[in-house]
J.: 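Mind having a look at this structure? Questions to follow.
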Number of protein chains: 2
Amino acid sequence: MTNLDGRAVARQLNQMTKLKADALRQQGIIPSLAIIMVGTNPASLVYTRNKERLATELGIQVEMKTLPATATEPEVAAAIEDCNQDPQIDGIILQSPLPNGLPEDQLSQLILPAKDVDGLHATNLGKLVQHQAGDYPIAATPQGIMGLLASYDLAVTGKRVVIIGRSRLVGLPLAALMQNAGATVTVAHRQTQDLTTLTRQADILVVATGQPELVTVPMVKDGAIVIDVGINRVAGQLVGDVDYESVAPLASWITPVPGGVGPMTVASVLSQTVQLAQRRGAR
Amino acid sequence: MTNLDGRAVARQLNQMTKLKADALRQQGIIPSLAIIMVGTNPASLVYTRNKERLATELGIQVEMKTLPATATEPEVAAAIEDCNQDPQIDGIILQSPLPNGLPEDQLSQLILPAKDVDGLHATNLGKLVQHQAGDYPIAATPQGIMGLLASYDLAVTGKRVVIIGRSRLVGLPLAALMQNAGATVTVAHRQTQDLTTLTRQADILVVATGQPELVTVPMVKDGAIVIDVGINRVAGQLVGDVDYESVAPLASWITPVPGGVGPMTVASVLSQTVQLAQRRGAR
């Protein structure tokens, strides 16, 4: 078993991002990410601050747009529209979760596809599912996972891939990316029967459920690659959706939590922000 | 084994379509489908004439836009744009296949999403994959398959579904529809290893490859539902992608070719044309 070291690979990606951001600055373009945050979810605050700090190091400007927890749907929509219109902003994140009652899924569709750095707009996901050529934003976590596998030369073509979880941010776009890369993909979810039989067939098992240590030894094929997208706080400790201690000896490769997928997600968001800035003229 | 009688179910759907079309006519709206055909592929001609005849019976106007086989990409794009602009046209089909050299995939993206009766636009497929609520066109063959299963009260939730073929018109949207309905879906394709092991797990096996009689007895689980999307002409006879004679005794339900999925596809296109006409005011 070997760890897939997301921190190390993310560091390399971040270096590339910094070089590209520096080149843009020389042309007078400052890559810029707007984060719209409604209310003050403590976990979001920590996550966003970390993202902001790293972005600044890499030469990306972050504009925090903070709305009160009492903000209405039209107020959030107006904040998104302001960012859509602002030629200085390259990428827009609507920070999840939104306070109760705000329709996160619908609001995210208001982000201009060309600035949709989280790849949440139907048009961007549709292009990905159709395997369209060309430049369009793709969700960061799936991108990060593909980048992590690629950096260890782990091939995907022809492999059986099982993804547990069908979220717009992870499961759905990752299924498309994996399928486009030639994998045979199955997405499992709450209604899936006999999950263990299914996951035991996976050459690559990806878990993105938010259920702490859902995946245990009997669910994993000997020699599988195990990708754990979960970050759960349990009794003050961060644990993934995979029971790392017991599963790791079985796996050929596995992502630790923390230090696996997480750093790749942040690095991918920032890398993509710079890519969007490179296309600023074409918007 | 029982046949899924696509002709009978399509007849019922067509009756509903006719009632809706009649109601629209009373409001002065004539549901209208534009078919853009480039060149004279003989199979397309037959298929299109049949569609036109049935549409007329149901009270849907069909406008054939025929371009010569020598038409250029800008000429086809202009024909699409004319239909986009024409307020009397509710649905637009770019008839496949296009003559060699014309970028069918890109051209289909020029169809206004609200008139994209084949569900080929990235925005419409993306909405489907994201399981968005609301009205948007969905590819006809997948819709027809879901309608056929529903009309026989065959449940999809929790079932293992294997789809062979990942086309934009069938495999990709069907995978989304099935997944949205609670199935656990695997899409198989050219790069899939050990196809037989995979297909033998399918409670519902859908085959859309265009390879005559690809699916044979060892690939089918006892009691499976087998949906054959293929229509191939072999030695003057129409055969599906499934070896019907040998597989049928094993299956609980199976679609014959012809008379299974085919009639459902045509009925679904026309049904959806009327739905698009019902939304004409909202365009």
Side-chain angles (χ1 to χ4, degrees), chain A residues 103 105-106 108-109 113 116 119-134 136 139 155-169 171-173 175-176 178-195 197-203, chain B residues 103 105-106 108-109 113 116 119-134 136 139 155-169 171-173 175-176 178-195 197-203:
Chain A
D105 285 347
Q106 281 109 291
S108 66
Q109 301 301 309
D116 170 34
L120 282 173
H121 196 284
T123 302
N124 289 323
L125 180 59
K127 287 180 177 181
L128 180 64
V129 171
Q130 291 185 335
H131 204 176
Q132 285 195 25
Y136 46 87
V156 163
T157 310
K159 293 285 189 294
R160 282 292 305 274
V161 173
V162 175
I163 301 167
I164 313 183
R166 55 180 159 177
S167 69
R168 292 184 182 187
L169 212 44
L172 297 176
M178 287 282 190
Q179 185 161 295
N180 292 346
T184 303
V185 181
T186 309
V187 178
H189 47 75
R190 270 176 239 287
Q191 288 138 311
T192 295
Q193 312 278 319
D194 200 359
L195 183 61
T197 302
L198 183 66
T199 58
R200 283 187 66 85
Q201 298 174 8
D203 301 312
Chain B
D105 286 347
Q106 281 108 293
S108 67
Q109 302 300 311
D116 169 34
L120 282 172
H121 196 285
T123 301
N124 289 322
L125 180 59
K127 287 180 177 182
L128 180 64
V129 171
Q130 291 184 334
H131 204 177
Q132 285 195 25
Y136 46 87
V156 164
T157 310
K159 294 285 190 293
R160 282 291 307 273
V161 173
V162 174
I163 301 167
I164 314 182
R166 55 178 159 179
S167 69
R168 292 184 182 187
L169 211 45
L172 298 175
M178 286 282 190
Q179 186 162 295
N180 292 346
T184 303
V185 182
T186 310
V187 178
H189 46 76
R190 270 176 242 286
Q191 288 136 312
T192 296
Q193 312 278 319
D194 200 358
L195 183 61
T197 302
L198 183 66
T199 59
R200 283 187 67 85
Q201 299 174 7
D203 301 312

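Just the heavy atoms: all of them, side chains too, but no hydrogens, waters or symmetry mates, feed the values below. Letters A, B, ... are given to chains in the order of the sequence lines, protein chains preceding strands, and every chain is numbered from 1.
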J.: Specify which of A:N124, A:V187, A:T157 makes the most heavy-atom pairs with chain B at under 4.5 Å.
T.: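 Looking at each of A:N124, A:V187, A:T157 in turn, A:V187 comes out on top.
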J.: Which pair of heavy atoms, one from B:P173 and one from B:S167, lies closest together, and at what distance?
T.: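 So the two residues come closest at CD-O, 3.7 Å.
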J.: Do A:R166 and B:H131 have side chains that approach each other closer than 4.5 Å (heavy atoms only, starting at C-beta)?
T.: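 They are not in contact (no side-chain heavy atoms under 4.5 Å apart), so the answer is no.
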J.: When heavy-atom pairs shorter than 4.5 Å are enumerated against chain A, which of B:G134, B:A133, B:G158, B:P113 gives the highest number?
T.: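 The residue among B:G134, B:A133, B:G158, B:P113 with the greatest pair count is B:G158.
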J.: Side chain, backbone, both or neither: which part of A:A183 has an atom under 4.5 Å from a heavy atom of chain B?
T.: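 Backbone only.
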J.: Start with the C-alpha distance between B:D105 and A:Q130, add both sets of side-chain angles, then the distance that settles side-chain contact (heavy atoms from CB on, under 4.5 Å), and finish with yes or no.
T.: CA-CA 9 Å; B:D105 286 347; A:Q130 291 185 335; over 6 Å; no
J.: Under 4.5 Å from any heavy atom of chain B, what part of A:V185 do you find: side chain, backbone, both or neither?
T.: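 For A:V185, backbone heavy atoms alone lie under 4.5 Å from chain B.
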J.: With a 4.5 angstrom heavy-atom cut-off, could you sort out which part of A:R190 is near chain B: side chain, backbone, both or neither?
T.: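 Neither part; nothing is under 4.5 Å.
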J.: Given heavy-atom pairs under 4.5 angstrom as the criterion, report whether the side chain, backbone, both or neither of A:T192 touches chain B.
T.: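 Contact with chain B: backbone and side chain both.
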J.: What option among A:T184, A:L128, A:L172 has the most heavy-atom pairs under 4.5 Å with chain B?
T.: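 Of the candidates given, the most pairs with chain B belong to A:T184.
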J.: Are the side chains of B:Q201 and B:T197 in touch, meaning some heavy atoms are under 4.5 Å apart?
T.: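 Contact flag for B:Q201/B:T197 side chains = yes.
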J.: If we only count heavy atoms from C-beta on, is the A:L198 to A:Q193 side-chain gap below 4.5 Å?
T.: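 They are not in side-chain contact.
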J.: Drop me the distance from B:T123's OG1 to B:Q109's CD, to the nearest 0.5 angstrom.
T.: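 If we round to the nearest 0.5 Å, B:T123:OG1 and B:Q109:CD are 7.5 Å apart.
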